[in-house]
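Everything below concerns the one structure shown next.
Within every chain, numbering begins at 1; the chains are lettered A, B, ... in the order of the sequence lines, protein sequences first and strands thereafter. Treat the numbers as computed from the prediction; the structure is a model and nothing was measured.
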2 protein chains.
Amino acid sequence: MLEKTLRRALERGGQRYTEQRGAVYEFLMSTDSHPTADEVFLAVRGRIPGISLATVYKSLETLVGCGLAMKLTYGDSSARYDARTDLHHHVRCLSCGKVCDVPGSLPEREVQRLREGADGFEVTGYRMELLGYCTSCRS
Amino acid sequence: MLEKTLRRALERGGQRYTEQRGAVYEFLMSTDSHPTADEVFLAVRGRIPGISLATVYKSLETLVGCGLAMKLTYGDSSARYDARTDLHHHVRCLSCGKVCDVPGSLPEREVQRLREGADGFEVTGYRMELLGYCTSCRS
DNA sequence: ATCCTTGCAAAGCATTTGCAGTCAC
DNA sequence: GTGACTGCAAATGCTTTGCAAGGAT
């Protein structure tokens, strides 16, 4: 169950479970819309009317720190958050900023080939996203 | 020669050649350090002492609009600019933010495979970057 | 009881904008 | 001469921070 997972991950880092963090995590797990911090704020406020945007930001960073969420910082505008932790990529609409999941991954062999060109760097990962236009923005 | 290239690209969009745009473009072509807008500003101020940061921002966006530069907006902090227009990727230091070029590209076949998973999107391109730690940040 | 977390308001930073004066064509 | 561009300063948008009050263990 979600709360248990969160409690365990938080304890590992000496942090505490709170209603606010619980609500943020549950909302993030319940959607695949890759919400911005503000969208999380608006959604969670339905359950915890007094929550502040600053708390949402702090909670999201805490989740990222625990490995329970990813921060998607491609793109120019605001960051988006994703609670899917398995390997996958994204496609972003250049017009409205919407982000969707793209299943599948690049072959390790190809990533390795690029990695060899990164002289002097200790490469620990990579990020890739497709760019284009979503259905509604094309019309 | 650089100025001619710039003039031609600007004219195509009904825009004018100025000393400021010339200096920004020349600086960007002369370096492979993927500078931020502020770094461009500091460098160009040596040649045009009165230039403003706002003008640098506007000039950079103009260059991007003309296809003479790329904006690298991965990462959390400030955007970086690159006048290399051939296909290549980047590696970014997670500690200091430094960006270096990585030669080579992904096989079209692999990109195509991913693209098929982007339902409803008209995919026009992609971006990928390696992440890791540079020599100085590892010590 | 301790120390972490919250909410508020203020600060921070990168970037953009409005506008009067200036410049390119 | 006309419309585009510059420089300044103020504004914007997203995110972070300082701090007193409240909450988790």
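- With rounding to whole Å, A/L53 atom CG is found 11 Å from C/dG7 atom P.
- In this entry the distance linking NZ of A/K58 with P of D/dC14 reads 19 Å, nearest Å.
- Shown are A/E39, A/R84, A/K98, A/R80; of these, the side-chain contact (heavy atoms from CB on, under 4.5 Å) with A/H34 is made only by A/R80.
- With a 6.0 Å cutoff to the six-membered ring centre and a 45° limit on the axis angle, B/R138 does not count as a cation-pi contact of B/Y133.
- D/dC8 atom P lies 10 Å from atom CD1 of B/I51, rounded to whole Å.
- A salt bridge links A/E110 with A/R113; the closest basic N to acidic carboxylate O contact falls under 4.0 Å.
- Atoms CD1 (A/I48) and P (D/dG22) sit 18 Å apart, rounded to a whole Å.
- Residue contacts for B/T55: at a heavy-atom cut-off of 4.0 Å it reaches a base atom on one of the strands shown.
- In this structure, the nucleotide among D/dC8, C/dT15, D/dT16 sitting nearest to the side chain of B/S52 is D/dC8.
- Side chain of A/Q20, nearest nucleotide from D/dG7, C/dT5, C/dG7: C/dG7.
- Taking the side chain as every heavy atom from C-beta outward, A/L106 and B/L114 approach each other to under 4.5 Å.
- As rounded to whole Å, 12 Å separates atom P of D/dT15 from atom CG of A/L72.
- In the interface, the side chain of B/R21 is not paired with the base of D/dC5 through any donor and acceptor atom under 3.5 Å apart.
- With hydrophobic clusters built from ILVMFWY side chains whose heavy atoms lie under 4.5 angstrom apart, B/L72 does not share a cluster with A/L131.
- Here the C1' atom of nucleotide C/dT6 and the OH atom of A/Y17 are 15 Å apart, to the nearest Å.
- For the OP1/OP2 pair of C/dA14 and a distance below 4.0 Å, the side-chain nitrogens and oxygens of B/S77 include no atom meeting the criterion.
- A/E39 has its CD atom 11 Å from the P atom of D/dT15, to the nearest Å.
- Considering only side-chain N and O atoms, A/Y57 lies under 4.0 angstrom from the phosphate OP1 or OP2 of D/dT15.
- Considering only side-chain N and O atoms, A/T18 lies under 4.0 angstrom from the phosphate OP1 or OP2 of C/dT6.
- Atom CD in A/Q15 sits about 16 Å away from atom C1' in C/dT2, given to the nearest Å.
- In this structure, of D/dA4, D/dG23, D/dC8, it is D/dA4 that holds the atom nearest to the side chain of B/R16.
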